[in-house]
K.L.:
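The structure's right below; bear with me while I get my questions together.
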Amino acid sequence: MIYEPMSRRLVISFTVIGVVLAVAGLIARPQNISVAVVLFLAAVSVLGLAGYGVLDRLVDRVKRSRRTT
């Protein structure tokens, strides 16, 4: 099985979705706090996936540079 890091497009997609969910949570906060909390939790989860993807790509880049030297 060949390991490949998360694609750059997927990391950017997760980041954009997380930001959109966070902004939607800010907008929903005055009207319905329960919906806002759910949106914020979803935003944190999606942004966590984006952070994992960035870290995954960084580790893979370091491993590749050590292999060539």
Side-chain angles (χ1 to χ4, degrees):
M1 186 171 168
I2 297 173
Y3 171 77
E4 292 184 22
M6 194 179 293
S7 70
R8 182 178 296 185
R9 178 177 284 174
L10 193 58
V11 171
I12 292 171
S13 297
F14 281 146
T15 304
V16 169
I17 291 169
V19 169
V20 167
L21 287 171
V23 169
L26 286 172
I27 293 171
R29 190 175 49 141
Q31 287 83 21
N32 193 346
I33 192 70
S34 300
V35 172
V37 168
V38 169
L39 289 171
F40 281 129
L41 289 174
V44 167
S45 299
V46 174
L47 288 171
L49 284 172
Y52 173 78
V54 169
L55 197 62
D56 191 26
R57 292 180 61 81
L58 181 66
V59 168
D60 187 57
R61 183 183 301 164
V62 169
K63 283 183 181 179
R64 285 184 184 177
S65 68
R66 287 190 179 171
R67 262 189 247 151
T68 58
T69 57

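What's counted below: heavy atoms across the whole structure, side chains too, no hydrogens, waters or symmetry copies.
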K.L.:
With rounding to the nearest 0.5 angstrom, report the CG to CD1 distance, L10 to I17.
P.N.:
8.5 Å
K.L.:
Answer yes or no: is there a side-chain heavy-atom contact under 4.5 Å between V35 and L39?
P.N.:
yes
K.L.:
As a test of understanding, state which of R57, K63, R64 forms a side-chain hydrogen bond (donor to acceptor under 3.5 Å, both in side chains) with D60.
P.N.:
R64
K.L.:
What's the separation between atom CD1 in I27 and atom CG in N32, rounded to the nearest 0.5 Å?
P.N.:
14.0 Å
K.L.:
For A36 versus A28, what's the shortest heavy-atom pair and its separation?
P.N.:
CB-C, 4.1 Å
K.L.:
For L21 versus A43, what's the shortest heavy-atom pair and its separation?
P.N.:
CB-CB, 3.7 Å
K.L.:
Would you check if L26 and F40 make a side-chain contact, meaning some heavy-atom pair closer than 4.5 Å?
P.N.:
yes
K.L.:
Which value, rounded to the nearest 0.5 Å, describes the distance between R61 atom CZ and S65 atom OG?
P.N.:
9.0 Å
K.L.:
Please report the shortest heavy-atom distance between V19 and L47, naming the atom on each side.
P.N.:
N-CD2, 4.4 Å
K.L.:
In the single-linkage hydrophobic clustering (I, L, V, M, F, W, Y; side-chain heavy atoms under 4.5 Å), do F14 and I12 co-cluster?
P.N.:
no
K.L.:
Enter the distance from D56:CG to E4:CD here, rounded to the nearest 0.5 Å.
P.N.:
11.0 Å
K.L.:
Given the rule that I, L, V, M, F, W and Y join up when any side-chain heavy atoms are under 4.5 Å apart, are I33 and L41 in one cluster?
P.N.:
yes
